[in-house]
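Notes follow once the structure below has been shown.
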Amino acid sequence: MKKVLSSLVFAATILLIVTGCSTNKAFTWDVATGDKIKIKLETTDGYDITSDVPFTISKDGETLSQGTFITIDGYNQYMNAVDNDSTANVIDSGTKNGITYTFYSVNNSEFNYIIKIDGSNTGILLGNPNSQSEAEEIFNRLTISKE
């Protein structure tokens, strides 16, 4: 019995350690399109997100990225602008967890995502002036959904 109890305590401790390793912060906005949009950020390692619009994502108090909501018409206009801008370079595009995104750089000095939230009339512009890897890290920490 003592061995079983000891094993259960050990398993519970491991479970607490594993589940305690990741933290999240989320906000839901009522945006001008009439949609309710939720953005959740994995905040481990000092990351944070504000509830303002535009919202900012920071690490250890330093602003890294800024995002704002756009309409689907705005999404289409930004996509057309990227397609027609000779200084824009599409790095990646695809779908992920209910969003469609395009990741691009402008003159390799600005790294931006244009995001369309599936099933909604809303998009998001997410910009990072620092680096491709930093922009990708932030994007991979986000979960975006229509509520």
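Along the sequence shown, residues are numbered consecutively beginning with 1.
- Here the straight-line distance linking atom OG of Ser58 with atom CG of Leu41 works out to 8.5 Å at 0.5 Å rounding.
- Ring-centre distance between Tyr104 and Phe111: not below the 6.0 Å cut-off.
- With Tyr47 as the aromatic partner, Lys25 does not meet the cation-pi criteria of under 6.0 angstrom to the ring centre and within 45 degrees of the ring axis.
- With no hydrogens or angles considered, a side-chain donor-acceptor pair links Ser145 and Glu147 at under 3.5 Å.
- For the pair Ile49 and Phe27, the minimum side-chain heavy-atom distance is below 4.5 Å.
- Phe69 meets the ring pair (Phe, Tyr, Trp, His ring centres under 6.0 Å) test with Trp29, Phe55; sequence neighbours excluded.
- Rounding to the nearest 0.5 angstrom, the gap separating the CD atom in Glu42 from the CG atom in Asn24 is 6.0 Å.
- For the pair Arg141 and Asp45, the salt-bridge criterion is met [side-chain N within less than 4.0 Å of a carboxylate O].
- When the options Lys40, Lys38, Lys146 are evaluated for a side chain to side chain contact (heavy atoms under 4.5 Å, CB included) with Thr28, the one that passes is Lys38.
- The shortest side-chain heavy-atom distance between Thr100 and Ile115 does not fall under the 4.5 Å cut-off.
- Tyr75 and Leu142 fall into different hydrophobic clusters, where Ile, Leu, Val, Met, Phe, Trp and Tyr residues are linked whenever their side-chain heavy atoms come under 4.5 Å apart, directly or through other members.
- The side-chain heavy atoms of Thr143 and Ile39, taken from C-beta on, include no pair separated by under 4.5 Å.
- Looking at heavy atoms from C-beta onward, Val82 lies in side-chain contact with Val90 at the 4.5 angstrom threshold.
- Applying the side-chain hydrogen bond (donor to acceptor under 3.5 Å, both in side chains) rule to Asp85 yields the partners Thr87; only residues at least two apart in sequence or on another chain are considered.
- Between Phe103 and Tyr113, the two ring planes are parallel [angle under 30°; tilted spans 30° to 60°].
- Using modelled atom types and a 3.5 Å distance limit, the side chains of Thr33 and Thr122 yield a donor-acceptor pair.
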